[in-house]
A.B. asks: 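Handing you a structure now.
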Protein chains: 2
Amino acid sequence: MPAKRLKPEAARSAPVFAALGDRTRLRLVARLCEDGPVSITGLTSGAGISRQAVTKHLHVLARAGLVRGLREGRERLYEIDPQRLDQARQHLQAISRQWDEALSRLKESLEEG
Amino acid sequence: MPAKRLKPEAARSAPVFAALGDRTRLRLVARLCEDGPVSITGLTSGAGISRQAVTKHLHVLARAGLVRGLREGRERLYEIDPQRLDQARQHLQAISRQWDEALSRLKESLEEG
DNA sequence: CTAATGTGCAACCAAAATATTGCATTTCTA
DNA sequence: TAGAAATGCAATATTTTGGTTGCACATTAG
């Protein structure tokens with residue numbers, strides 16, 4: 001039973017990992033996970049960068065499918081969209097599993113040889 | 001029971017996600033998972049980019065702690081170092097869990113209110 | 001020994017990412 | 001209604017990233 005190819009999957013997951021590959025964005029995600037929907041201004045406080053920079057990071061996260069922004073009066077509230085996050089997690093899990101299988105095969109062949 | 005802060009963890013995981021956030025590097029990781037230790041030239045074949053570009057990608061992965069390279073004669077063999085991969089997976093899992101908890105709390109407060 | 005093979009290092013380049021500032025627009029509040 | 005608050009859009013500057021090429025060096029094969 002040959003290992004399943006995961007190259008097409010990889011191509012889809014790369015943008016998600018890229019979106020998570022920035023400490024500011026990772027903190028934004030963490031904050032949204034903890035506090036639920038937060039406005040841009042709210043997310044800016046304590047971020048150490050300008051509101052515009054935060055907005056751009058939120059756009060990156062949104063394009064990766066990790067968050068979504070909803071207009072509420074004069075402010076825009078951002079919240080987590082957990083689906084892609086879960087996909088990425090599953091992808092990492094698949095890689096880990098594949099690595100474990102490869103290791104097992106190596107072990108077997110060593111025992112046989 | 002307050003949710004654990006995951007901001008320091010986030011800072012450590014960001015470089016790992018950044019390293020995984022490129023389709024070429026993700027394919028390299030996949031290949032190393034499948035085929036075990038492979039030389040730079042071996043990894044270059046079929047990558048569609050120059051050997052030097054592949055080398056740079058491998059350096060990025062190595063600095064993130066995801067792979068390591070061992071000199072073997074005149075070639076350098078790269079292999080997966082699964083620890084960081086697993087850490088990253090656990091971090092994603094923690095984020096997911098935290099999000100689930102936040103959702104539960106929201107649900108409760110809605111039922112109470 | 002000579003030539004081919006596999007790397008490493010450095011310079012260089014174009015494109016993308018990160019962040020800033022300034023200004024316009026919409027919405028709430030006193 | 002006037003002003004404050006929250007956001008959106010655009011231009012710009014700086015740094016990082018992904019890629020190339022050329023050359024030097026080490027190692028293996030004939």
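Chain identifiers are assigned alphabetically (A, B, ...) following the order of the sequence lines, protein sequences preceding nucleic acid strands; residue numbering begins at 1 within each chain.
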A.B. asks: Within the structure provided, determine whether B:Ile80 and B:Leu66 are in side-chain contact (heavy-atom separation under 4.5 Å).
C.D. replies: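 Sidechains of B:Leu66 and B:Ile80: no contact.
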A.B. asks: Distance-only, no hydrogens or angles: does the A:Arg25 side chain make a donor-acceptor pair with backbone N or O of A:Ala19 under 3.5 Å?
C.D. replies: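 Flag set: sc A:Arg25 to bb A:Ala19 pair under 3.5 Å.
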A.B. asks: Tell me every residue that passes side-chain contact (heavy atoms from CB on, under 4.5 Å) with B:Ala18, counting only those two or more places apart in sequence or in another chain.
C.D. replies: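 side-chain contact (heavy atoms from CB on, under 4.5 Å) list for B:Ala18, sorted by chain: empty.
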A.B. asks: Report the residues that fulfil salt bridge (Lys or Arg N to Asp or Glu O under 4.0 Å) with A:Glu79, sequence neighbours left out, ordered by chain and then residue number.
C.D. replies: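 Checked A:Glu79 against salt bridge (Lys or Arg N to Asp or Glu O under 4.0 Å); matches are A:Arg68.
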A.B. asks: Would B:Leu43 and B:Ser39 satisfy side-chain contact (heavy atoms from CB on, under 4.5 Å), going step by step from the backbone distance to the final call?
C.D. replies: CA-CA 6 Å; B:Leu43 290 168; B:Ser39 72; over 6 Å; no
A.B. asks: A side-chain contact here means heavy atoms from C-beta on lying under 4.5 Å apart; do A:Asp22 and A:Leu26 qualify?
C.D. replies: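 Counting from C-beta outward, A:Asp22 and A:Leu26 never come under 4.5 Å.
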A.B. asks: Of all nucleotides in DNA chain C that come within under 4.0 Å of a heavy atom of chain A, which is furthest toward the 5' end and which toward the 3' end?
C.D. replies: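 Endpoints of the contacted stretch of DNA chain C: C:dT18 to C:dC28.
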A.B. asks: Using a 3.5 Å distance criterion without hydrogens, assess whether the side chain of A:Arg84 forms a donor-acceptor pair with backbone atoms of A:Ala64.
C.D. replies: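 Judged by distance alone, yes, a pair lies under 3.5 Å.
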A.B. asks: Going by the rule side-chain contact (heavy atoms from CB on, under 4.5 Å), which residues pair with B:Ser50 if we only count those two or more places apart in sequence or in a different chain?
C.D. replies: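 Only B:Gln52, B:Ala53 meet the side-chain contact (heavy atoms from CB on, under 4.5 Å) criterion with B:Ser50.
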A.B. asks: Using the rule that two of Ile, Leu, Val, Met, Phe, Trp, Tyr join whenever any of their side-chain heavy atoms come within less than 4.5 Å, decide whether B:Val16 and A:Val60 are in one cluster.
C.D. replies: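 No, separate clusters.
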A.B. asks: Quick one, give me the B/S/- string for nucleotides 17-23 of chain D, reading 5' to 3', where B means a protein heavy atom under 4.0 Å from the base and S means that only happens at the primed atoms, P, OP1 or OP2.
C.D. replies: -SBBBB-
A.B. asks: Verify, without hydrogens or angle tests, whether A:Arg76 (side chain) and A:Gly69 (backbone) share a donor-acceptor contact under 3.5 angstrom.
C.D. replies: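 Here the side-chain-to-backbone pair exists.
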A.B. asks: Near DNA chain D, counting only heavy atoms under 4.0 Å, which residues of residues 67-79 of chain B show up?
C.D. replies: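 Residues of residues 67-79 of chain B that come under 4.0 Å of DNA chain D are, in numerical order, B:Gly73, B:Arg74.
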